[in-house]
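Here's the structure, in structure tokens; my notes come after.
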Amino acid sequence: PYTGYLTGHNTSKTKAVAEYFRNQAGYEYISGVNIHFGKVDFDNEDAYVYVTVWNARGPQNAPGSIIERKLVLLKQIKEDIENNRPTNVVFDRETPVLNRPFQVGIELEYSNGESVAITSSANGEALNASSWIQDQSGRWDSYAIAYGANIAMDIQPFVGMNPSVQV
């Protein structure tokens, strides 16, 4: 019944996809992210997605409030796919995550027939269900609940610590 991509544009009009990061090391901020996209198609040169960071304060650590977003043109993603490299996104500021878990992913637009998908592990390869999907109504579910798929998307945040002074 559904066509399209599990981790991108599809006929069920997925609004966003995100990957959960526990932040066990207690990082203070993220400065950017590498996302490995597997597919992109577009007609409009100005077509884009938003790369977004959410806090993980929704139910069961689902994405909560948006704390950063950056517009990325699909033509940049296409060039990265053609050169077999991840898309490097640097945020305009060090985005505070304050030692807490966070989510990173993309928000999808459905305007001009664009198509984009993030590379993910095969079902069952991921050690724990860490990927989330936002349905057309705006509700977040883990992929395990929404599709019975235990996957992880190929997203790597650039994390950092604020310097501390020991006296």
Side-chain angles (χ1 to χ4, degrees), residues 2-23 25 27-56 62-63 66-97 101-136 140 142-143 146-147 149-160:
Y2 297 117
T3 59
Y5 300 100
L6 199 57
T7 57
H9 287 97
N10 52 49
T11 56
S12 56
K13 301 281 191 224
T14 295
K15 288 175 80 168
V17 297
E19 186 69 22
Y20 173 68
F21 294 93
R22 289 173 54 191
N23 198 6
Y27 294 111
E28 294 283 332
Y29 62 87
I30 68 172
S31 56
V33 62
N34 269 346
I35 300 180
H36 203 110
F37 289 93
K39 185 74 178 159
V40 68
D41 285 310
F42 57 93
D43 294 326
N44 180 350
E45 282 290 303
D46 298 326
Y48 64 91
V49 293
Y50 279 113
V51 172
T52 306
V53 181
W54 295 266
N55 66 31
I66 292 173
I67 52 178
E68 185 63 270
R69 69 175 358 170
K70 179 105 181 206
L71 187 142
V72 177
L73 293 172
L74 297 189
K75 62 185 175 185
Q76 173 65 49
I77 294 169
K78 181 177 195 225
E79 186 179 303
D80 291 334
I81 290 172
E82 288 170 351
N83 289 287
N84 196 27
R85 65 182 178 230
T87 298
N88 177 280
V89 180
V90 177
F91 298 129
D92 296 332
R93 65 184 179 123
E94 290 179 344
T95 301
V97 292
F102 58 94
Q103 298 259 9
V104 179
I106 58 172
E107 294 176 86
L108 301 165
E109 297 284 328
Y110 290 84
S111 52
N112 299 306
E114 307 83 30
S115 188
V116 64
I118 298 173
T119 302
S120 73
S121 63
N123 185 24
E125 278 182 357
L127 295 176
N128 54 15
S130 54
S131 296
W132 290 75
I133 186 164
Q134 188 180 40
D135 70 16
Q136 196 173 0
W140 285 98
S142 70
Y143 273 88
Y147 292 109
N150 188 3
I151 62 168
M153 286 180 275
D154 193 348
I155 298 175
Q156 293 97 29
F158 303 127
V159 290

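Bear in mind the structure is a predicted one, so any value in this text is a computation, not a measurement.
- Interatomic distance, Ile35 CD1 to Thr119 OG1, rounded to the nearest 0.5 Å: 10.5 Å.
- In this structure, the ring of Trp54 has its center less than 6.0 angstrom from the ring center of Trp140.
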task = Show your working on side-chain contact (heavy atoms from CB on, under 4.5 Å) between Tyr5 and Ile118 and close with a plain yes or no.
result = CA-CA 9 Å; Tyr5 300 100; Ile118 298 173; over 6 Å; no
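- The line from CD1 of Ile133 to OG of Ser12 is 6.0 Å long, rounded to the nearest 0.5 Å.
- Between Glu79 and Lys75 there is no salt bridge, since none of the side-chain N atoms of the basic residue sits less than 4.0 Å from a carboxylate O of the acidic one.
- A side-chain hydrogen bond (donor to acceptor under 3.5 Å, both in side chains) check over residues 33-43, counting only residues at least two apart or in different chains, returns the pairs Asn34-Asn88.
- Rounding to the nearest 0.5 Å gives a distance of 5.5 Å between CH2 of Trp132 and OG of Ser142.
- The minimum heavy-atom distance linking Asp135 with Lys15 is given by the pair O-CD, 3.3 Å.
- With hydrogens and angles left out, the side-chain atoms of Asp154 and Gln156 include a donor and acceptor closer than 3.5 Å.
- Side-chain atoms of Glu28 and Val97, non-hydrogen and from C-beta on, never get closer than 4.5 Å to each other.
- Nearest heavy-atom pair across Phe91 and Val53 is CZ-CG2, 3.5 Å.
- In this structure, CD in Glu19 is found 5.5 Å from CD1 in Ile155, a value given to the nearest 0.5 Å.
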query = Could you go step by step and tell me if Ile151 and Thr7 meet the side-chain contact (heavy atoms from CB on, under 4.5 Å) rule?
reply = CA-CA 10 Å; Ile151 62 168; Thr7 57; 3.7 Å; yes
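- Annotation for Gln103 and Ala18: closest pair OE1-CB, 3.5 Å, computed over non-hydrogen atoms.
- Of the possible polar contacts, one joining the Tyr143 side chain to the Leu6 backbone as a donor-acceptor pair under 3.5 Å is found.
- Side-chain N/O atoms of Ser31 and Glu94 include no donor and acceptor closer than 3.5 Å.
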request  = Tell me, with the steps shown, if Ile81 and Ile77 meet side-chain contact (heavy atoms from CB on, under 4.5 Å).
outcome  = CA-CA 6 Å; Ile81 290 172; Ile77 294 169; 3.9 Å; yes
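- Remark: Leu74 CG to Phe37 CZ distance equals 8.0 Å, nearest 0.5 Å.
- Ile66 has its side chain within reach of Glu107: a pair of non-hydrogen atoms, C-beta onward, lies under 4.5 Å apart.
- The shortest heavy-atom contact between Tyr110 and Thr14 is OH-O, 2.8 Å.
- At most 12 non-hydrogen atoms from other residues, nucleotides or ligands lie less than 6.0 angstrom from NZ of Lys78.
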request  = For the pair Phe102 and Ile30, evaluate side-chain contact (heavy atoms from CB on, under 4.5 Å) and give the outcome as yes or no after the intermediate values.
outcome  = CA-CA 10 Å; Phe102 58 94; Ile30 68 172; 3.7 Å; yes
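- Separation of the Tyr50 and Tyr48 ring centroids falls under the 6.0 Å cut-off.
- Val116 is listed as a side-chain neighbour of His9, based on a closest heavy-atom distance under 4.5 Å.
- Without hydrogens or angle criteria, Asn83 side chain to Arg85 main chain gives no donor-acceptor distance under 3.5 Å.
- The two atoms that bring Ser131 and Ala152 nearest to each other are OG-CA, 3.4 Å, heavy atoms only.
- Taking both residues in full, the closest heavy atoms of Val49 and Ile106 are given as CG2-CG2, 4.3 Å, listed atom of the first, atom of the second, then distance.
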